[in-house]
Amino acid sequence: MTRAGSRRGNHIITCEDDIARGVRSLRRRCAIMRRVHKAAGDPPLRLREPGFQGLARIVVGQQLSVASAAAIWAKCTAAIHPMSAAEVARLDDAALKACGLSAPKVRTLRAVARAVLDDGLDLEGAGALPEEALREALISIHGVGPWTADIFQMFCLGRADAFAPGDLALQIAAQYAFELDDRPSAAELEALAEVWRPWRSVSARLLWAYYAVVKQGRSGIGV
């Protein structure tokens, strides 16, 4: 991967130093981010495996607790080996459901596999595709919505300016950070996040950390 800042307008996050660089930039330019960072501290890197395996893991973990997602993913990686489009296509529904996957997630994984095998979607080389083009290609797959596409670009490709405005936790964290009366919609949060370019992925990591602080009711919220 290319180091953050080496390609203008297409920064890539690969390590903790890149996160720290983004935090410094956000703190310099945004009082809200300074408050969030003061309350939540440095956010984690949270990079995941790229390619088909990375997207499959995101699909498996949708709308599940961290513990449940980890348990089901462990069963998936044990049963689907290698974790590839060809292997998902080869296995029958019973084998996939035996991993703990719901029928909708089985359909989504099969749709992703078809996009790779039949339509030529190159998930292994996805980092070479422009962000918007890749996002459109992903959300055209049955069962893959904007959130999944955004999370894939943030954590599997390490794109520093990717953002997930539809994420509920980000919306709640932004509501507290901006002291809003109501939780912002995806469109409203996306508008608020414009000031955080080209480090929106780092701002999201900060907001997720801030959300954890909000949930725990620690002191320092809103200061």
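Just so it is clear, the model here is predicted, and its values are computed rather than measured. The basis for the numbers below is simple: all heavy atoms, side chains too, and nothing from hydrogens, waters or symmetry mates.
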Verdict with reasoning, Thr108 to Gln62, per side-chain contact (heavy atoms from CB on, under 4.5 Å) | CA-CA 11 Å; Thr108 299; Gln62 287 173 348; 5.6 Å; no
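- Formation of a donor-acceptor pair under 3.5 Å by the Gln171 side chain with backbone atoms of Pro165 is found in this model.
- In plain terms, the two heavy atoms of Cys76 and Val60 that are nearest each other are SG-CG2, 4.3 Å.
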Can you check side chain to side chain donor-acceptor pair (under 3.5 Å) on Gln175 and Arg183, steps first, answer last?
-> CA-CA 5 Å; Gln175 179 183 355; Arg183 175 168 57 87; 5.4 Å; no
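- A side-chain donor-acceptor contact under 3.5 Å links Arg29 to the backbone of Val195.
- Although no hydrogens or angles enter the test, the distance criterion places no donor-acceptor pair under 3.5 Å between the side chain of Arg46 and the main chain of Arg205.
- Leu168 and Leu206 fall within a single hydrophobic cluster, where Ile, Leu, Val, Met, Phe, Trp and Tyr are joined by side-chain heavy atoms under 4.5 Å apart, directly or via other members.
- Neither side chain, Asp18 nor His11, offers a donor N or O lying under 3.5 Å from an acceptor on the other.
- No donor-acceptor distance shorter than 3.5 angstrom exists from the side chain of Arg200 to the backbone of Ala193, with no hydrogens or angles considered.
- Side-chain contact between His37 and Asp42: present, with at least one pair of heavy atoms (C-beta onward) separated by less than 4.5 Å.
- Ala149 is linked by a side chain to side chain contact (heavy atoms under 4.5 Å, CB included) to Arg135, Leu138, Ile139, counting only residues two or more places apart in sequence or in another chain.
- Across Tyr210 and Ala39, no two heavy atoms sit closer than the pair CE1-CB, 3.7 Å.
- Summarising the geometry of Gly51 relative to Phe152, their closest heavy-atom pair is O-CE1, 3.5 Å, with the distance given to 0.1 Å.
- Under the 4.5 Å side-chain heavy-atom criterion for Ile, Leu, Val, Met, Phe, Trp and Tyr, Leu109 and Leu117 are members of distinct hydrophobic clusters.
- No donor-acceptor contact under 3.5 angstrom links the side chains of Asp161 and Trp196, judged on distance only.
- Note that the CD1 atom of Ile13 and the CD atom of Glu16 stand 10.0 Å from one another [nearest 0.5 Å].
- Rounded to the nearest 0.5 angstrom, Asp17 CG and Cys15 SG are separated by 4.5 Å.
- Counting only N and O atoms by type, the side chains of Ser25 and Arg21 include no donor and acceptor under 3.5 Å apart.
- Formation of a donor-acceptor pair under 3.5 Å by the Ser68 side chain with backbone atoms of Leu64 is not found in this model.
- Shortest non-hydrogen contact noted between Val213 and Ala40 is CG2-CA, 3.9 Å.
- The closest side-chain heavy-atom distance from Phe52 to Glu124 is below 4.5 Å.
- Counting only heavy atoms from C-beta outward, the side chains of Arg27 and Arg35 never approach each other to under 4.5 Å.
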Given ring-ring contact (aromatic ring centres under 6.0 Å, His included), test Phe155 with Trp208 step by step and report yes or no.
-> CA-CA 13 Å; Phe155 295 118; Trp208 273 313; 5.7 Å; yes
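- Between Asp93 and Arg110 there is a salt bridge, since at least one side-chain N of the basic residue sits less than 4.0 Å from a carboxylate O of the acidic one.
- Annotation for Leu170 and Ala164: closest pair CD1-O, 3.3 Å, computed over non-hydrogen atoms.
- For Gln63, the CD atom sits in a loose shell: 12 or fewer heavy atoms of surrounding residues, nucleotides or ligands are nearer than 6.0 Å.
- Thr77 meets the side chain to side chain contact (heavy atoms under 4.5 Å, CB included) test with Trp73, Met83; sequence neighbours excluded.
- Proximity of Leu121 to Ile141: side-chain heavy atoms (C-beta onward) are separated by under 4.5 Å at one or more points.
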Glu87 and Arg90: CA distance, side-chain angles, deciding distance, side-chain contact (heavy atoms from CB on, under 4.5 Å) verdict | CA-CA 5 Å; Glu87 189 66 7; Arg90 186 187 70 81; 2.7 Å; yes
Applying side-chain contact (heavy atoms from CB on, under 4.5 Å), run through Leu55 and Cys156 and close with a yes or a no.
-> CA-CA 8 Å; Leu55 183 57; Cys156 296; over 6 Å; no
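- A donor-acceptor pair under 3.5 Å is absent between the side-chain atoms of Lys105 and the main chain of Gly143, judged by distance alone.
- Here the side chains of Val36 and Leu26 are not in contact, with every heavy-atom distance at 4.5 Å or above.
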Walk me through it: do Glu131 and Arg159 pass the test salt bridge (charged side-chain N to carboxylate O under 4.0 Å, His left out)?
-> CA-CA 9 Å; Glu131 184 173 326; Arg159 286 182 165 165; 5.1 Å; no
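- Expressed to the nearest 0.5 Å, how far CH2 of Trp147 lies from CG of Asp167 amounts to 6.5 Å.
- Atom CZ of Arg57 is separated from atom CD1 of Ile151 by 13.0 Å, given to the nearest 0.5 angstrom.
- Taking CE of Met154 as the start and CG of Leu47 as the end, the distance is 10.5 Å to the nearest 0.5 Å.
- In terms of heavy atoms, Pro43 sits closest to Val23 at CD-CG2, 4.0 Å.
- One distance of note links CG of Asp119 with OG of Ser140; it measures 8.0 Å at 0.5 Å rounding.
- When side chains are defined from C-beta on, Ile172 does not count as touching Leu207, because their heavy atoms never get closer than 4.5 Å.
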Carefully, step by step, assess Phe163 and Asp150 under the rule side-chain contact (heavy atoms from CB on, under 4.5 Å).
-> CA-CA 6 Å; Phe163 194 69; Asp150 293 336; over 6 Å; no
